[in-house]
Amino acid sequence: MAQVTEAQVLDALRAVLDPDRGADVVGLGMISGVVIKDAMVQFAIEVDPARGPALEPLRRAAEEAVERLPGVTSATAVLTAHREAARQEGPHRHAAGRAGGQQQGGQQQGSRPLVPGVGAIIAVASGKGGVGKSTTAANLALALRVNGLRVGLLDADIYGPSVPRMLAISGKPTSKDGRTLEPMENYGIAVMSMGFLVAEDTPMIWRGPMVQSALQQMLRDVHWGELDVLVVDMPPGTGDAQLTMAQQVPLAGAVIVSTPQDIALLDARKGLNMFRRVDVPVLGIIENMSYFCCPNCGHRTEIFSHGGARQEAERLGTEFLGEIPLDIAIRETSDEGQPIVVSRPDSPHAEAYRSIAARIWEKLSKDAGGGPQRPAPRIVVS
Ligand code: ADP
């Protein structure tokens, strides 16, 4: 069967009315970023962020209208910020501004859906696996919480979800309304991970589109509630799947985690470039496993030419957010499901995570006027 055309999609959407404005969504100019790939259709509905949560029925009606077209097996509609929300923001400002400004340009950039109630969404990413990205994401999320913010952690590392184990959360999320999942919770933060939905020993072979829709669902079909910040633990690497995810999420910024040798190997730079390509501000680099702390005598050894990240960050024009040593206590506490920020709050490592978290929040508040998705957000700087 021939692939459906954009004109056919728009025709189908003309049957969908905006209940408050009494006209159809196409006529009102609310549809943008139509992407058609074989039998799958994606598009964005631009709305005023204040109306976001109330428009879920409209979003579903739009999806259903497109799914009724012959040759379409699935339609995904995302609500995005109203174009007026772009106001005077430049390209490196907040997500709502970018979404509004770029949909004109079309499909390459994609649209960035809003997640109702969630202030800033930040990605924790790395150029490659095994550098301690998940450990850093979990400790940072907890440190943001300790600093007084309402925090969520989305484990988007769907190739190897480790957040359930690190935060000692097991069981399956439930749903109160039969449609949205309630996030799991521990240590005062809301958590969602593919690991809750799929058994740990299940081999997962995710292809690009599946990765994308899993992330979309974990953002959109989870009842996150009111959050100041949602930390997204990204899958490692800088391939297509990661790039798509970076495009699909309304990110306020990204933090790159790297080890000193990873910096030397330029993997961190790839991560940085990936976010720049999709116009997400890079908040800075964290050097993990920066130096070795002997558990017996406390002696500090610089195994991997410590300090490279600071110089590299400078050269790349991004901020060096801080360093976390290679310390068995960090690994053990994570493995035990009690990350060091909560289990040893007085340790220098917990202090390091807290101060990095404070700096990240300070930057977000400054860059985005307190939160990237809300016009008048609550600003909490610890
Ligand atoms: P990634 O998400 O980048 O694949 P993880 O966070 O899963 O990496 O970390 C890989 C391993 O390294 C884990 O066993 C973790 O406990 C350990 N680890 C991470 N950071 C540190 C650190 N600073 N000191 C000691 N061990 C660490």
Side-chain angles (χ1 to χ4, degrees), residues 122-143 153-169 191 193-195 200 204 206 211 215 231-239 241-242 245-246 254-263 265 267-272 274-275 285-296 298-309 320-344 347-357:
I122 56 166
V124 177
S126 62
K128 62 166 197 197
V131 301
K133 169 186 55 59
S134 299
T135 309
T136 308
N139 275 297
L140 277 183
L142 294 168
L153 176 60
L154 197 174
D155 179 7
D157 189 347
I158 16 205
Y159 303 104
S162 49
V163 167
R165 195 162 23 89
M166 272 192 311
L167 294 184
I169 307 178
V191 182
S193 166
M194 214 52 198
E200 202 166 349
M204 270 193 282
W206 291 93
V211 168
L215 178 72
V231 176
V232 182
D233 180 10
M234 296 283 282
T238 51
Q242 290 81 353
M245 288 169 75
V255 173
I256 312 280
V257 179
S258 73
T259 62
Q261 68 273 46
D262 158 43
I263 286 164
L265 292 171
D267 281 317
R269 180 181 299 213
K270 282 190 216 148
L272 210 88
M274 176 176 83
F275 287 107
I285 296 181
I286 299 174
E287 187 174 76
N288 189 39
M289 310 188 190
S290 180
Y291 52 90
F292 177 65
C293 261
C294 172
N296 300 318
H299 178 73
R300 178 174 162 147
T301 318
E302 322 264 310
I303 18 184
F304 306 124
S305 65
H306 160 250
F320 178 71
L321 290 167
E323 60 192 20
I324 306 290
L326 177 67
D327 190 323
I328 187 106
I330 293 177
R331 191 180 63 69
E332 282 174 353
T333 49
S334 290
D335 286 353
E336 288 160 7
Q338 300 185 331
I340 199 153
V341 165
V342 284
S343 57
R344 303 195 197 167
S347 66
H349 308 331
E351 164 60 28
Y353 283 119
R354 284 196 304 269
S355 72
I356 294 173

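Quick note: numbers below take in every heavy atom, side chains included, and nothing from hydrogens, waters or symmetry partners. Counting convention: from 1, in listed order, for ligands and their atoms alike.
- Partners of Glu336 under the salt bridge (charged side-chain N to carboxylate O under 4.0 Å, His left out) rule, at least two apart in sequence or in another chain, do not exist in this structure.
- Interface of Leu326 with ligand 1, defined as ligand atoms under 4.0 Å from a residue heavy atom, comprises 24 (N), 25 (C).
- Minimum heavy-atom separation, Pro260 to Asn288: CD-O, 3.5 Å.
- Considering backbone and side-chain atoms together, Ser334 places no N or O closer than 3.5 Å to any N or O of ligand 1.
- With contacts defined as side-chain heavy-atom distances shorter than 4.5 Å, the pair Ile324/Thr136 does not qualify.
- At a heavy-atom distance under 4.0 Å, no atom of Ile328 approaches ligand 1.
- Among all non-hydrogen protein atoms, the one lying nearest atom 6 (O) of ligand 1 is Thr135 OG1, 2.5 Å.
- The two residues Met274 and Thr238 come nearest to each other via the heavy atoms SD-CA, 3.8 Å.
- A 4.5 Å side-chain heavy-atom check between Leu167 and Leu142 finds at least one atom pair inside the cut-off.
- Between Val131 and ligand 1, at least one N/O pair is under 3.5 Å apart.
- Which parts of ligand 1 touch Pro325 is read off a 4.0 Å heavy-atom cut-off, strictly below it: atoms 22 (C), 23 (N), 24 (N).
- Within ligand 1, counting atoms from 1 as listed, the ones closer than 4.0 Å to a heavy atom of Asp327 are 24 (N), 25 (C).
- Arg331 CB, 3.5 Å is the protein heavy atom nearest to atom 26 (N) of ligand 1.
- Using a non-hydrogen distance threshold of 4.0 Å, Gly130 registers as a contact of ligand 1.
- At least one side-chain heavy atom of Ile286 sits less than 4.5 Å from a side-chain heavy atom of Leu140.
- Remark: ligand 1 and Asn288 share an N or O pair separated by less than 3.5 Å (distance only, no angle test).
- A heavy-atom distance below 4.5 Å is found between the side chains of Lys133 and Asp233.
- For atom 7 (O) of ligand 1, the closest non-hydrogen atom of the protein is Ser134 CB, 4.2 Å.
- Among residues two or more places apart in sequence or in another chain, the side-chain hydrogen bond (donor to acceptor under 3.5 Å, both in side chains) test is passed with Asn139 by none.
- The shortest contact between atom 8 (O) of ligand 1 and any protein heavy atom is with Gly132 N, 3.0 Å.
- The protein atom (non-hydrogen) at minimum distance from atom 12 (O) of ligand 1 is Met289 CE, 3.7 Å.
- We find the CZ-CD distance between Arg344 and Glu332 to be 7.0 Å, quoted to the nearest 0.5 Å.
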